[in-house]
There are 2 protein chains.
Amino acid sequence: MKSEKQKVSIKDIAKELGISITTVSFVINGKAKNRISDKVIKKVEDYIEKVGYRPNSSAQSLRTGKSQTIVFMAEDISDPFFSTVAKEMEGLAFKHGYRIIYCSTENKKERALELLQFFKDKDVDAFIITPPENFESETKKLIEEEKVVVLFDRHFHNLDHHYVVLDNVNSTKNAVEFLKEKGFKNIGFVGLKSNLSPMQERHQGYLEAVPHPMSLLIKFNAVGKKQGNDQLEKFLDDHPAIDAILFATNSLAIAGLRVLRKKSIQVPEQLGVATFDDRELFELHTPSISVVSQPVADLAKELIKGTLKLLGHPEDNTIRIRKSLSGTVIPRKSTERN
Amino acid sequence: MKSEKQKVSIKDIAKELGISITTVSFVINGKAKNRISDKVIKKVEDYIEKVGYRPNSSAQSLRTGKSQTIVFMAEDISDPFFSTVAKEMEGLAFKHGYRIIYCSTENKKERALELLQFFKDKDVDAFIITPPENFESETKKLIEEEKVVVLFDRHFHNLDHHYVVLDNVNSTKNAVEFLKEKGFKNIGFVGLKSNLSPMQERHQGYLEAVPHPMSLLIKFNAVGKKQGNDQLEKFLDDHPAIDAILFATNSLAIAGLRVLRKKSIQVPEQLGVATFDDRELFELHTPSISVVSQPVADLAKELIKGTLKLLGHPEDNTIRIRKSLSGTVIPRKSTERN
DNA sequence: TTGGGTTAGTAAATCGTTTTACTAAAGAAT
DNA sequence: ATTCTTTAGTAAAACGATTTACTAACCCAA
């Protein structure tokens, strides 16, 4: 009964074939050219094929300090934005012999630090990180440890580092411009009270695009809760002139739509609505919601391209990965006056 | 400049403190009691604290064959159902010194096999898997290799293995019963053409609960596409008597709602709608959609409890983890006649 | 015949742990 | 004074790979 498939090691192969471990290793790693005869190479390859040998990756990592693994620390991997980026990256990385492992920081510094430790212990080759708030000094420390680290979605303005982000300022300006073209005159902004760069920049873009800004900033953990909803209600009551709202994140928009429904405010008749980040929900909503969609595939491509470039030139510290891509406005019913 | 934080190893500690590697290891692993003097223990602990020593986990895995890591191979980690389960499990596992790593099979056998290899090479301690279709023999193989494997969401009826699933038959019957109570007389069923156990069982539950069943089964990769939508339209046209539909998955329901909107069929006036799996979208939809919600937290708890039990008794092959939990019907507007 | 170059390989160190099997010294018991 | 235990520790092998520095045999030219 005991089928107990005994794992075969390089040593087993060497013994079985009556050759040295070194020879086997050379064949496995393609370093056999001009060193080992074709006959022996063939013999080893056939045997490996036959027994389905796979190198023990703990041993490899221990010896080389590399793991052919990139970790993607997303804010929340269950958010379609992050999970789609993850999936895209996975495919691209695989073609180059790398694996992606992903996880969620939930925007918590504590959690991010734990994960960082865990993956440092595992000798991952590169970190792609959406840092939580106040993660600047940790990021700096990580970079100083000579790790390959690329920030995603958000970055720190006064830290010299690699990043791939959305051009939030201009994307927001485009969204406001779009709303103006649709005939809205008093555009309000609902954002997150956060010092993360996208939140800062989206607000900034809004402020620069509108003559008389009216904005509400809600704390991250109040969104969708009573506190946040009350704030939004009050905001609307206090600013009756507002004829359209731009939400800075999809969770704000979802919470906002609930409030609007509760207050029986008709969209778009009484209030135009647009938000960042496309989601199935927005397309299916009644009315469908206009959005600023992020170029997910391109973001993923730049992330992997950049990371691989850094991994490929470990000595070259003149390389800088700094990409800022634009979003696209997708017009839907929620911004159609008349 | 070169801050290059040199990683400190157990050997460095031993040398620095003028003691043996063994002693350090004993202290680190709590095996120092009755072997090493309190003074030395303290000295080592203080030094470890001071330099922030962390064991190299590749070396540990290599030596012990364990990694304190459980892998969760979900169908799709971006599906809120799976990602919520993942998050729950993570917290529970962490308390017991285990980490969860997750990934998506996308229901593809190829992909699942790749991932399986990858994680086998990494010496993960246990596999929690939502197997794709036709993964029975691979699962069997894995079990025969003496790995700890617990299936989730779906299982194989004629394979002796560990699993945690929803009681799909009875949950479906309850949903049908609920629809009947709401006054619907001709309840149709839209499911997935799949041999995965939940799809089979939900259909079976429906067939057993209804006198004159009318069901449509759509291929997985036709859902949301033209082919699937056409099938659904035809199904509705062919069965004008149907006054309510139970969708077997949330993606079917979402695709279905799009078709109903296109055909201008009023929910719930002309057609009642209910579906499996709760989602924010269903609550926010106009009208809100009644659902069968899965006991996510309990499923996660059973998965981790079971997995840890198996990990804790590696010798005991009499243990069987076999849990089948019930879903809950959440009534909403889409099933309110009048 | 000597020396140099090539070909085909191998021995052994190393990565950082864990763990088994030892020992030396001190104290207790007879 | 001898033996027996306990205490406090250590040496060395092992896990499975990679890689540096060797060698032995052969060929060729001078």
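To find a chain, count down the sequence lines: A is the first, B the second, and so on, and within it residues start at 1. Computed from a prediction, not measured in an experiment: that's the story for all the values here.
Annotation: of the two residues near DNA chain C, B:Ser58 and A:Phe26, the 5′-most nearest-nucleotide partner is A:Phe26. When each of B:Tyr53 and A:Arg35 is assigned the nucleotide of DNA chain C bearing its nearest heavy atom, the one mapping closer to the 5' terminus is A:Arg35. Residue whose closest nucleotide on DNA chain D sits further toward the 5' end, between B:Leu62 and B:Ser37: B:Ser37. Two residues, A:Arg54 and B:Ser20, neighbour DNA chain D, and the one matched to the more 5' nucleotide by heavy-atom proximity is B:Ser20.
The CG-P distance, from A:Asn34 to C:dG9, rounds to 13 Å in whole Å. The CG-P distance, from B:Asp38 to D:dG9, rounds to 10 Å in whole Å. As rounded to whole Å, 10 Å separates atom C1' of C:dG9 from atom CD1 of A:Ile19. Straight-line distance from the CD atom of B:Gln60 to the C1' atom of C:dC15: 14 Å, rounded to whole Å. If you measure from atom CD1 of A:Ile48 to atom C1' of D:dA17, you get 13 Å, rounded to the nearest angstrom. Rounded to whole Å, atom P of D:dT7 lies 16 Å from atom NZ of B:Lys39. Atom CG of A:Asn29 and atom P of D:dT19 are 7 Å apart (whole Å). Following rounding to the nearest Å, A:Lys122 (NZ) and C:dC15 (P) show an atom-to-atom distance of 21 Å.
Annotation: B:Lys109, atom NZ; neighbour count of heavy atoms from other residues, nucleotides and ligands within 6.0 Å is above 12.
Look at B:Ser25 and you won't find any side-chain N or O under 4.0 angstrom from OP1 or OP2 of C:dT17. OP1 or OP2 of C:dG16 has not a single side-chain nitrogen or oxygen of B:Lys7 nearer than 4.0 Å. Between C:dT19 and B:Lys31, a contact under 4.0 Å exists linking OP1 or OP2 to a side-chain N or O.
Ring pair B:Tyr98/A:Phe118: centre-to-centre distance not below 6.0 Å.
The salt bridge (Lys or Arg N to Asp or Glu O under 4.0 Å) test with B:Lys120 is passed by exactly one of B:Glu114, B:Glu145, B:Glu138: B:Glu145.
In this structure, B:Ser9 reaches the sugar-phosphate backbone alone: every heavy-atom distance under 4.0 Å involves primed, P, OP1 or OP2 atoms, never a base.
Judged by distance alone with a 3.5 Å cut-off, a donor-acceptor contact links the side chain of B:Thr22 to the base of D:dA11.
Ring geometry for B:Tyr102 versus A:Tyr102: interplanar angle of 30 to 60°, hence tilted.
Using modelled atom types, one finds a donor on one side chain and an acceptor on the other under 3.5 Å when comparing A:Ser20 with A:Thr23.
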